[in-house]
Amino acid sequence: MQYKFTASRNSLTDIDCPIVYDAALKQIIKRNVIEENYNSIINNLSIDQILKLYDVLSDPTVSEDPYYISKVYYTGDSVVHQRGDYGFALSMSSSRIAAWESINAQNMTGWYQGDGMLFTYIGEDVFQYGSNYWKYANPYHLPGTTVDTQERITTSIKNSAKTLTNQDFVGGVELNRLYSVAAMQLESYHKEGEDPDKMSDTGDGGAAPNHNSTLMAKKAWFMFDDEVVALGTDIDANDGFEVQTVVENRKLNMSNNTGKRPVGEGEYEIINVWATNDDGHVPENTIDGDYAAESRWSSDVDGCYIVFELSEVVPIGYVGIAQFYSKPSVYKPADFELEVSTDGVNWTMVYDGQGGSLDGMEAFDMNDVPAKYVKYVGHGRMTPDTDTLKSAWNSLLEVRIYAPRTDDQMPVDDRNTSNGIVVGAEDITVDGTLLEKSSNYTKTFTNPKWVHIESVGGYYFPQGGNVVMDKVTNTENFLEVWFTHGVSPQNATYSYVVLPTKSTEETDAYAASPDVQILSNTEALQVVKETTLNITGFVFWENGSFGNMAVSEPMIVMKQQVGEDYQINISDPTKKLTTATVTLTGKYELVECDERCTVVSNETQT
C-alpha cells in the first residue's frame with residue numbers, strides 16, 4: 001500500500017526518537033513490510049534505514065498481529081478503516097474542509113478528491129495510489145464519488161481563494177474503534193462571477209474558476225467487518241449533464257500474452273488462416289501483430305496462396321497488406337491477385353496487379369464485395385517498372401481485413417504490434433461470466449448482482465442499476481466501474497457493497513446470501529444492518545424514528561445489540577448541536593454512559 005510505504009519509511013527515521021512510541025512504530029513496520037512489497041520498499045530507503053528495518057523485522061519481541069481499527073477524523077472529514085490485509089480511506093469535504101488543493105500548479109485536476117473518494121488498499125498492491133495513479137487515472141472518475149460529466153477547468157488555486165461548500169452535515173461515528181458509519185451531504189463545486197483574468201497556473205496560483213453545477217446528493221458509508229456498504233440518495237441536478245456514481249477506478253497490474261492480436265477499429269477479426277505451403281515461416285504469422293522479419297509467411301512457389309477466414313459473410317471494404325522486404329532499401333513490387341468467396345469453394349477475383357510499400361501496410365480496395373474468405377495468390381516479386389519476374393518469393397508480414405467506410409478513406413492499423421499481449425489482464429467476472437481478455441472495452445450491464453476483479457475483490461449490487469465498465473489504457477491500465485443516473489436526475493439512488501480480497505466464489509456466495517440488509521435509503525433516512533454482528537447504522541438526515549429508536553435532531557447513530565443489551569454511539573456531523581435526544585421504546589437500565597450524556601428512563605421509554 002502506498003500509505004504503508006510512506007509510514008514505514010518515516011517510521012524508520014523516527015525509531016528511538018523519544019517523542020514517539022517506539023514499540024507501536026515497530027509493530028506498524030513489521031505488519032506492513034511483507035514479502036510481496038519488501039523489494040519495493042528497500043529500494044527507496046537509505047543504508048541506515050535498511051539496517052534499522054532489518055533489526056525490526058528480525059526482532060521476535062515485536063508483534064506482527066493484524067491491525068484492526070475504524071477511526072473517524074472528526075475535524076478532517078475523513079475515515080480510515082483497516083482490516084488486516086486491506087484497508088479503506090474515505091475523503092470528504094464540507095463547509096469546513098475544501099474538496100481539493102491545487103497550489104503551486106500541483107494537483108490541478110484533483111477536483112473530486114474530497115467528494116467522497118473511497119480509497120481501497122489491498123495487501124501487496126503497494127503503489128496503487130502512487131504517482132502514476134494521479135498522473136494517468138481519469139480525474140472525472142474517482143472511486144466513491146458522485147459527479148456530473150461537464151468539463152472542469154484545470155488551474156492552480158491559491159490557498160486564500162479555495163472554496164468551501166455550504167454543507168455542514170459531513171462526518172461519522174465509531175463503534176468500539178472497530179466499525180463506523182460516515183455521511184456526506186454532497187454539494188458539487190459551484191462558483192459564479194469570478195474574473196477569469198485572476199486565474200493563474202504560476203506561483204501560488206490564482207482565483208478559483210467559475211463553474212456552474214447544481215448537483216446535490218446524500219451519500220453514506222457503513223464500514224463493518226469484511227464489507228463496506230455505500231448508499232446514495234436524493235441525487236438531483238438540473239444542468240443537462242449525465243450524472244454518475246463511480247464504484248471503482250482501479251489501476252490494473254497484470255499482463256497476459258493471449259497469442260492473439262487485438263482487433264483494431266473498423267477491422268474484422270480473422271478467425272483462421274492457412275496456406276498451400278511455406279518455408280517454415282507459417283501463415284499464422286500474418287495476423288499476430290508482429291512486424292519482425294521472422295514473423296512472416298513466405299513461399300517461393302509461383303501461384304501459392306494464403307487464405308484468411310472471417311466468422312461470417314460480411315461486406316469487404318478493403319484489405320491491408322504489409323509485404324516483407326529482405327532489403328528494405330530495394331523496392332521489388334509483389335505480383336498477386338486477391339480473391340473472395342462466401343463458401344470457400346467458389347472464388348471471385350477482385351484485384352489483379354502489383355503492390356507493396358516500403359513504408360509498411362498498403363490498402364487495396366475490395367469494392368464492398370460480400371465474403372467470408374479472402375485469398376492472396378502470389379506470383380513472386382517483379383523488377384520495378386517492368387513486367388519481368390525478379391523472384392518467385394512471396395512474403396507477407398501482416399494482413400488486415402476492413403469493413404466499408406462512408407468517407408471513401410482506407411486507413412490501416414499499420415503498426416499494431418501488441419503481439420497479443422493484454423495489459424491489465426486480471427480476470428474480470430460479472431455474475432459468473434468471465435469477460436474477454438482485451439486491453440480496452442466499454443460494456444453496460446443492466447441490474448448486475450456482482451462484479452469481481454482478480455487480486456482486488458468483489459462488488460455486490462443489492463438493488464442492481466445501470467452499471468458501466470470501461471477498461472482503458474492511458475500509459476497505465478485502468479478499470480472504471482460506475483452507475484449512470486441519466487441526464488439531470490431527480491431523487492436518484494444507488495447502493496453497492498465493496499468486498500475486498502474476496503474470491504470469485506466468495507463474492508458469488510455473498511451476493512446470494514449477504515450479511516447486510518439495506519433497511520432504508522431515502523432522502524430522510526439511510527439504514528443498514530450487519531446481521532452477523534447485529535450492528536445497525538443510521539443516518540438521520542432529519543429528526544425522525546426507525547424501529548424502536550427516535551431522534552430529535554439530524555445525526556448519525558450506530559447501535560449494536562448483544563443479548564438484551566444495547567450499545568449506542570451517536571455523532572453530530574454538523575458540530576453545531578448543543579443538545580439532542582435519542583429515545584428508545586421500552587425501559588432500559590444504564591450500564592455505562594459518556595459523561596456528556598444524561599439518561600432518563602420510565603416504564604415505556606428511555
Side-chain angles (χ1 to χ4, degrees), residues 258-276 283-291 295-297 303-325 331 333-379 381-382 394-420 422 436 438-443 473:
T258 66
K260 189 176 183 180
R261 182 189 61 83
V263 177
E265 183 178 358
E267 180 189 345
Y268 292 126
E269 181 180 8
I270 298 171
I271 65 171
N272 196 14
V273 57
W274 67 90
T276 51
E284 288 80 8
N285 290 341
T286 61
I287 60 173
D288 65 358
D290 192 346
Y291 280 74
S295 182
R296 68 181 191 271
W297 167 73
C304 66
Y305 60 83
I306 180 171
V307 178
F308 303 90
E309 181 183 0
L310 307 179
S311 61
E312 59 183 341
V313 176
V314 291
I316 309 298
Y318 57 103
V319 172
I321 299 174
Q323 300 279 350
F324 168 70
Y325 293 95
Y331 177 62
D335 186 46
F336 62 93
E337 296 116 32
L338 292 175
E339 302 178 2
V340 297
S341 174
T342 59
D343 57 10
V345 177
N346 301 292
W347 295 88
T348 302
M349 183 184 298
V350 181
Y351 178 86
D352 181 7
Q354 297 179 5
S357 171
L358 290 174
D359 296 326
M361 187 168 284
E362 184 179 9
F364 297 88
D365 193 353
M366 300 295 284
N367 303 318
D368 302 352
V369 61
K372 183 178 180 180
Y373 304 89
V374 175
K375 180 193 292 184
Y376 177 101
V377 183
H379 299 291
R381 299 296 176 87
M382 310 300 292
N394 303 277
S395 295
L396 305 182
L397 284 173
E398 291 291 315
V399 173
R400 309 280 189 269
I401 301 175
Y402 292 92
R405 292 172 60 97
T406 58
D407 58 5
D408 295 326
Q409 301 297 308
M410 296 191 295
V412 290
D413 189 9
D414 191 11
R415 292 283 168 175
N416 185 351
T417 58
S418 66
N419 298 323
V422 176
E436 72 270 17
S438 61
S439 296
N440 298 277
Y441 57 66
T442 300
K443 298 180 181 295
T473 301

field: Partners passing side chain to side chain donor-acceptor pair (under 3.5 Å) against E337 (at least two apart in sequence or in another chain)
entry: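 E337 satisfies side chain to side chain donor-acceptor pair (under 3.5 Å) with H379 once adjacent residues are dropped.
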Specify the closest pair of heavy atoms between [X] and [Y], including all atoms of both residues, with the distance to one decimal.
X    : Y    : answer
M361 : V399 : CE-N, 4.4 Å
G303 : V377 : O-CG1, 3.9 Å
C304 : N394 : SG-ND2, 3.4 Å
E309 : W274 : OE1-CZ3, 3.6 Å
R405 : Q409 : CD-O, 3.2 Å
A275 : W297 : CB-NE1, 3.5 Å

Is the shortest heavy-atom distance from the side chain of [X] to the side chain of [Y] under 4.5 Å?
X    : Y    : answer
E398 : T286 : no
Y305 : E339 : no
V412 : R400 : no
E436 : K443 : yes
R296 : L397 : yes

Pairwise distance [atom1]([X]) to [atom2]([Y]) - rounded to 0.5 angstrom:
X    : Y    : atom1 : atom2 : result
L396 : I287 : CG    : CD1   : 12.5 Å
D352 : D335 : CG    : CG    : 7.0 Å
E269 : F308 : CD    : CZ    : 14.0 Å
T342 : W347 : OG1   : CH2   : 9.5 Å
M410 : E362 : CE    : CD    : 9.0 Å

query: side-chain hydrogen bond (donor to acceptor under 3.5 Å, both in side chains): which pairs involve residues 367-376, sequence neighbours left out?
result: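 Applying side-chain hydrogen bond (donor to acceptor under 3.5 Å, both in side chains) to every pair that reaches into residues 367-376, excluding sequence neighbours, yields Q323-Y376.
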- prompt: By ring pair (Phe, Tyr, Trp, His ring centres under 6.0 Å), which residues pair with F364, not counting sequence neighbours?
  reply: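 Ring pair (Phe, Tyr, Trp, His ring centres under 6.0 Å) check on F364 returns F336, Y351.
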Enumerate donor-acceptor pairs with a distance under 3.5 Å from any side-chain N or O in residues 310-320 to protein atoms, sequence neighbours excluded.
residue: Y318; atom: OH; partner: P411; partner atom: O; Å: 2.6

field: Residues in side-chain contact (heavy atoms from CB on, under 4.5 Å) contact with N346, at least two apart in sequence or another chain
entry: D343
- prompt: Mind checking what makes salt bridge (Lys or Arg N to Asp or Glu O under 4.0 Å) contact with D408, not counting sequence neighbours?
  reply: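 Residues passing salt bridge (Lys or Arg N to Asp or Glu O under 4.0 Å) with D408: none at all.
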